Amino acid sequence: MNDIKLALLGSEGVGKSAVLVRFLTKRFIGEYASNSNSLYHKRLSIDGRQLNLEIFDPCSQSTESRCILEEPVEWADGFIVVYNISDRASFLNAKNIVRQIKEARIENCKGEVEVPICLVGNKQDLCHARQVCEEEAHSLALENKCHFQEVSAAEHYQEILTMFIKLIRNVMDHLKYRADRRRYSGSKSMAKLINNVFGKRRKSV
Ligand SMILES: Nc1nc2c(ncn2[C@@H]2O[C@H](COP(=O)(O)OP(=O)(O)OP(=O)(O)O)[C@@H](O)[C@H]2O)c(=O)[nH]1
């Protein structure tokens with residue numbers, strides 16, 4: 001069973017919990033009384049593989065909110081960065097969060113730049129009050145090699161499901177790539193070691 005850890009990040013009130021609850025329960029629940037960070041668990045099967053999914057949903061109002069970007073960035077394998085399409089400030093914050101995730105990964109993971117991220121424009125049903133056009137968000141996603149999806153947690157389930165599945169597949173590929181790279185560099189250093197120990201001797205035989 002593979003463990004996959006995801007974190008939802010974004011400004012207060014953009015609908016992080018609503019997006020997550022839609023994915024987990026297929027339902028939209030208008031208000032959440034949560035005032036603390038939450039960790040959700042879900043088992044699912046993708047491409048014939050059993051996955052153990054853990055999803056971190058931080059609460060913006062919590063006193064622990066200062067660590068919102070510090071801990072999940074090290075902990076998570078993939079990120080869902082949410083903004084509200086009718087709130088430009090939340091988009092600018094999302095942009096900042098994407099940049100911070102990338103910077104933290106470069107620092108913590110020896111220059112690793114590729115991070116599975118999905119940029120999500122929520123509250124698509126409020127398009128009459130739109131402050132962020134789809135093209136602008138799409139360009140931001142392209143620049144940062146992120147997935148991008150506009151959704152409405154209030155109205156639709158399918159887009160949210162598709163978005164999660166895409167991100168999870170991306171995380172699975174990424175984890176496999178990292179494991180292969182580790183194995184390859186491990187076998188390369190083993191080959192070097194063997195060569196150092198036996199190489200010269202072999203020459204002199
Ligand atoms: N119109 C509309 N409202 C939404 C949508 N998603 C969430 N909301 C509303 O936005 C408000 C905030 O939603 P939450 O899911 O609590 O947002 P959050 O980002 O988890 O908030 P914090 O935990 O405080 O950071 C609630 O009143 C939701 O009902 C949506 O797709 N459309």
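Only this structure's heavy atoms are used, side chains among them; waters, hydrogens and symmetry mates stay out. We count ligands from 1, going down the list as the structure has it; atoms in each ligand are counted the same way. Being a predicted model, the structure only gives us computed values, none of them experimental.
Using a 4.0 angstrom heavy-atom cutoff, Ser152 counts as in contact with ligand 1.
Arg22 contributes a side-chain N or O that, together with a main-chain N or O of Ala154, makes up a donor-acceptor pair within less than 3.5 Å. The closest donor-acceptor contact from the side chain of Asn93 to the backbone of Ala89 lies at 3.5 Å or more, if one exists at all.
Counting heavy atoms closer than 4.0 Å to ligand 1, residue Val19 contributes nothing at all. With a 4.0 Å heavy-atom cut-off, ligand 1 is reached by the side chain of Asp125 but not by its N, CA, C or O. Only the side chain of Asn122 comes within 4.0 Å of ligand 1, counting heavy atoms alone; its backbone N, CA, C and O stay farther away.
On a distance-only criterion, Lys16 and ligand 1 share at least one N/O pair closer than 3.5 Å. Any N or O atom pair closer than 3.5 Å counts here, and Glu12 shares no such pair with ligand 1. By the 3.5 Å distance cut-off applied to N or O atoms, Val151 is not counted among the residues near ligand 1. When only interatomic distances are considered, the shortest N/O to N/O separation between Ile29 and ligand 1 does not fall below 3.5 Å.
Closest approach of Ala137 to Leu119, counting heavy atoms only: O-CD2, 3.6 Å.
If you check each of Gly30, Pro58, Ser90 against atom 26 (C) of ligand 1, the one with the closest non-hydrogen atom is Gly30. Between the choices Gly15, Gly10, Gly121, Ser38, the shortest heavy-atom distance to atom 17 (O) of ligand 1 belongs to Gly15.
Residue Tyr40 holds its OH atom at 9.5 Å from OG1 of Thr25, rounded to the nearest 0.5 Å. Distance check, rounded to the nearest 0.5 Å: NZ of Lys42 to CD1 of Ile168 gives 9.0 Å.
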Dump the intermediate steps for side-chain contact (heavy atoms from CB on, under 4.5 Å) on Tyr83 and Lys95, then the final yes or no.
CA-CA 9 Å; Tyr83 67 92; Lys95 196 172 180 174; over 6 Å; no

